[in-house]
Novice: 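Pasting a structure here, questions to come.
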Amino acid sequence: MDIRWETPFTRKAKDAIRAIPSGRVATYGQIAALAGRERAARGVAWILHSSSDTAGLPWHRVINGRGAISLGRGRGFEEQKKRLIAEGVEVGHGGRVDLKRFQWEQNDGAAGRSPAARKYLTSLLKGD
DNA sequence: CCTATGACAGACA
DNA sequence: GTGTCTGCCATAG
């Protein structure tokens, strides 16, 4: 399956995803809300899993409301984890991410990479 | 119009 | 914490 037409919803959702800063994550529900459909988290998931063309979309910054990677092992989990870590997002056991520290908050002027991500990234570059 | 399919979320045991 | 159930929504046939 693949997305054939852009609808207002898919367009807004993709825009919202593109707006997530590196080093931060957003939940499916969060993206849905930004797209104007607070309860359309499944719709957001649908867009991502049915898009053969995710190039240019920071899809790896979208995780579920429980703060975990929703992709299954061998179905993109490893790739998503790798990409997040490369941006400074700590991914623990089971693909867990601490939303308190890494979730994107459009308000409070918390734009850009989170302090936690900057710190983690620095430690990674330092070699641990 | 109706049914099926999710990379969901919340509630609850 | 885990497992299950239910509601939700966009989109495909």
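Every chain is numbered from 1, with letters handed out A, B, ... down the list of sequences. This one's a predicted model, so the numbers in the text were calculated from it and none came from an experiment.
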Novice: Can you list, in residue-number order, the parts of residues 88-100 of chain A that come under 4.0 Å of DNA chain B, counting heavy atoms only?
Specialist: none

Novice: Dot-bracket for DNA chain B, please, read 5' to 3', with Watson-Crick or G-U wobble pairs under 3.5 Å on both distances, ( ) within the strand, [ ] crossing, | other strand, . unpaired.
Specialist: .|||||.||||||

Novice: Restricting to salt bridge (charged side-chain N to carboxylate O under 4.0 Å, His left out), what partner residues turn up for A/E38, sequence neighbours left out?
Specialist: none

Novice: Just to verify, what does A/K14 make a salt bridge (charged side-chain N to carboxylate O under 4.0 Å, His left out) with, not counting sequence neighbours?
Specialist: A/E6

Novice: Which residues within residues 6-15 of chain A lie with some heavy atom under 4.0 Å of an atom in DNA chain B?
Specialist: none

Novice: Could you give all pairs that pass the salt bridge (charged side-chain N to carboxylate O under 4.0 Å, His left out) test and reach residues 88-99 of chain A, with sequence neighbours left out?
Specialist: A/E90-A/R101

Novice: How would you summarise protein contacts on nucleotides 6-13 of chain B per nucleotide, using B for base, S for sugar-phosphate only and - for none, with heavy-atom distances below 4.0 Å?
Specialist: BBBBB---

Novice: Please report, to 0.1 Å, the donor-acceptor pairs under 3.5 Å made by any side chain of residues 65-72 of chain A, with sequence neighbours excluded.
Specialist:
residue : atom : partner : partner atom : Å
A/S70   : OG   : A/N64   : ND2          : 2.8

Novice: By side-chain contact (heavy atoms from CB on, under 4.5 Å), which residues pair with A/A16, not counting sequence neighbours?
Specialist: A/I31, A/L34

Novice: Please enumerate all residues that pass side-chain contact (heavy atoms from CB on, under 4.5 Å) together with A/R118, with sequence neighbours excluded.
Specialist: A/R113, A/P115

Novice: With sequence neighbours excluded, tell me which residues meet salt bridge (charged side-chain N to carboxylate O under 4.0 Å, His left out) with A/R18.
Specialist: A/D15

Novice: Please enumerate all residues that pass salt bridge (charged side-chain N to carboxylate O under 4.0 Å, His left out) together with A/R83, with sequence neighbours excluded.
Specialist: A/E79

Novice: If you compare all heavy atoms of A/A117 against all heavy atoms of A/F102, which two are closest, and at what distance to 0.1 Å?
Specialist: N-CE2, 3.4 Å

